[in-house]
Participant: 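Can you read through this structure? Questions will come right after.
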Number of protein chains: 2
Amino acid sequence: MDIQELKRNFEQFLKQRGYKVTKSRLNLVDKIASYGSHFEIEQLVHYVVGSSKDGVSRSTVYRTVKLLQEFGAIREVIKLGNRTIYEFSAGKPHHEHLVCVECGKIIEFYKDEIEELQDKVCQEMDFTPLHHRLEIFGICSECKSSHENRR
Amino acid sequence: MDIQELKRNFEQFLKQRGYKVTKSRLNLVDKIASYGSHFEIEQLVHYVVGSSKDGVSRSTVYRTVKLLQEFGAIREVIKLGNRTIYEFSAGKPHHEHLVCVECGKIIEFYKDEIEELQDKVCQEMDFTPLHHRLEIFGICSECKSSHENRR
DNA sequence: GTTGCTGCAAACAATTTGCAGTGTG
DNA sequence: CACACTGCAAATTGTTTGCAGCAAC
């Protein structure tokens, strides 16, 4: 995925809605793209508010994240207790997540058959799916081996 | 599932941990059981704090819900924006949820094959699953038909 | 210029916590 | 009778909002 293209599309999106294309918004897209695929808002705030140049306020971060969600470049992918982990999903194909409850690592996976089965269930229930989220919480292989070493 | 039995088990659980078996806690189990299977904490608080007899405070509701989660009788099943919907899952077999984004209705379903595929993925990834949550957001059949009527 | 955007601080919502008093084992 | 539990109010955390000044179109 090309960030420049993404930004152009985002500009289009903003204009279509009568919103304005501002430096803060475009800067934030860059920041988020360079941050890594998974983040929590508070982390992002620290990363972005700190940066001397083109820093934006906490409010703007929240507001822009919301816009980017509507635009479709960002999703809430993991909800754990009071934490919300977002994903910069622009251009990424759909997938689900394994979450290690020990080290917090997030592993992505995709299983076609699972998607198909979901569609099947929805058909049976006469339910029109819009989006879904499958989170599997557990222990990743590294954390497992470090357990063994402890013995 | 028999509530009396559940309460006895919960008492056991409390004793094992050196916690105390109090009226508030047992009352709350009754209240939650009679509330219906899905709830948000604030609803529960209103339901429970209001009740003249054996009412408990908001703090106790939070504290007890947490205990019941550890005990395994309650789970966070739906996370939507800032809302958390809990389920009184005691004795219920595992299942997933369809959530109507229009009317808020929650439909439960279970698909063996989906569970199996998840296990398979975890094996491939050498990941030990502890629990998971699959939420499918969409439009239920009633909401769909009311759309049609609007035309 | 008009209107939307930003930063700030205040408001809000959900949840947690400290403490003094009460109940349980 | 020790120590955990409860209620209360205050503290936290995460998020939203009102408003005055600034920027985009």
Participant: Suppose clustering is done on Ile, Leu, Val, Met, Phe, Trp and Tyr with side-chain heavy atoms closer than 4.5 Å. Which residues sit in the same group as B:Y110?
Facilitator: none
Participant: Is it true that a side-chain atom of B:K79 and a backbone atom of A:G81 form a donor plus acceptor pair closer than 3.5 Å?
Facilitator: yes
Participant: Where each pair must be Watson-Crick or G-U wobble with both distances under 3.5 Å, what dot-bracket representation of DNA chain D is obtained, with crossing pairs in [ ] and other-strand partners as |?
Facilitator: |||||||||||||||||||||||||
Participant: What is the separation between atom CZ on A:R83 and atom C1' on D:dT12, rounded to the nearest whole Å?
Facilitator: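 Nearest whole value for this atom pair: 17 Å.
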Participant: With a 4.0 Å cut-off on heavy atoms, is B:R63 in touch with a base, just the backbone sugar-phosphate, or nothing at all?
Facilitator: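 Touches a base.
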Participant: Provide, to the nearest angstrom, the distance between the CG atom belonging to A:N27 and the P atom belonging to D:dA24.
Facilitator: 11 Å
Participant: Given atom NZ of B:K23 and atom C1' of D:dA4, what is their separation to the nearest angstrom?
Facilitator: 16 Å
Participant: Under 4.0 Å between a side-chain nitrogen and a carboxylate oxygen: does that hold for A:K111 and B:E124?
Facilitator: yes
Participant: Under 3.5 Å, is there a donor-acceptor pair between the A:H132 and B:E135 side chains?
Facilitator: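 No - no donor-acceptor pair under 3.5 Å links their side chains.
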Participant: How many whole angstroms separate atom OH of B:Y62 from atom P of D:dT13?
Facilitator: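 Taking OH of B:Y62 and P of D:dT13, I get 16 Å after rounding.
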Participant: Do B:K144 side-chain atoms and A:D126 backbone N/O form a donor-acceptor pair below 3.5 Å?
Facilitator: yes
Participant: Answer yes or no: does a side-chain N or O of B:S59 lie under 4.0 Å from OP1 or OP2 of D:dG7?
Facilitator: no
Participant: With DNA chain C as reference, determine whether A:R25 or B:Y86 sits nearer its 5' end, using the nearest nucleotide of each.
Facilitator: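 It is A:R25, whose closest nucleotide lies nearer the 5' terminus.
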Participant: Hey, is NE2 on A:H131 packed in by over 12 heavy atoms from elsewhere, all under 6.0 Å?
Facilitator: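 Check passes, neighbour count above 12.
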Participant: From the 5' end of DNA chain C to its 3' end, which nucleotides mark the outer limits of contact with chain B, defined by a 4.0 Å heavy-atom distance cut-off (strictly under)?
Facilitator: C:dA14 to C:dG25
Participant: Only counting residues at least two apart or in another chain, list the ones meeting side chain to side chain contact (heavy atoms under 4.5 Å, CB included) with B:D119.
Facilitator: B:P129
Participant: How many Å lie between NZ on B:K66 and C1' on D:dT6, as a whole number?
Facilitator: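 The answer, rounded to whole Å, is 16 Å.
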Participant: Donor-acceptor pairs under 3.5 angstrom involving side-chain atoms of residues 60-70 of chain B: please list them, not counting sequence neighbours.
Facilitator:
residue : atom : partner : partner atom : Å
B:T60   : OG1  : B:S57   : OG           : 3.3
B:T64   : OG1  : B:T60   : O            : 2.7
B:E70   : OE1  : B:R17   : NH1          : 2.6

Participant: Going through the distances and angles, do A:F88 and A:Y35 end up as a ring-ring contact (aromatic ring centres under 6.0 Å, His included)?
Facilitator: CA-CA 9 Å; A:F88 182 64; A:Y35 190 84; over 10 Å; no
Participant: For a quick check under 3.5 Å, do B:H38 and B:E40 share a side-chain donor-acceptor pair by atom type?
Facilitator: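 Judged by distance alone, the side chains do not pair up.
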Participant: Under 4.0 Å, heavy atom to any atom of DNA chain D: which of residues 14-22 of chain B qualify?
Facilitator: B:Y19, B:K20, B:T22
Participant: A:F39 has an atom CZ; how far is it from atom C1' of D:dG14, in whole Å?
Facilitator: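 So the CZ-C1' distance, A:F39 to D:dG14, works out to 15 Å.
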Participant: Please answer whether the main-chain N or O of A:I78 pairs with a side-chain N or O of A:R83 as donor and acceptor at a distance below 3.5 Å.
Facilitator: no
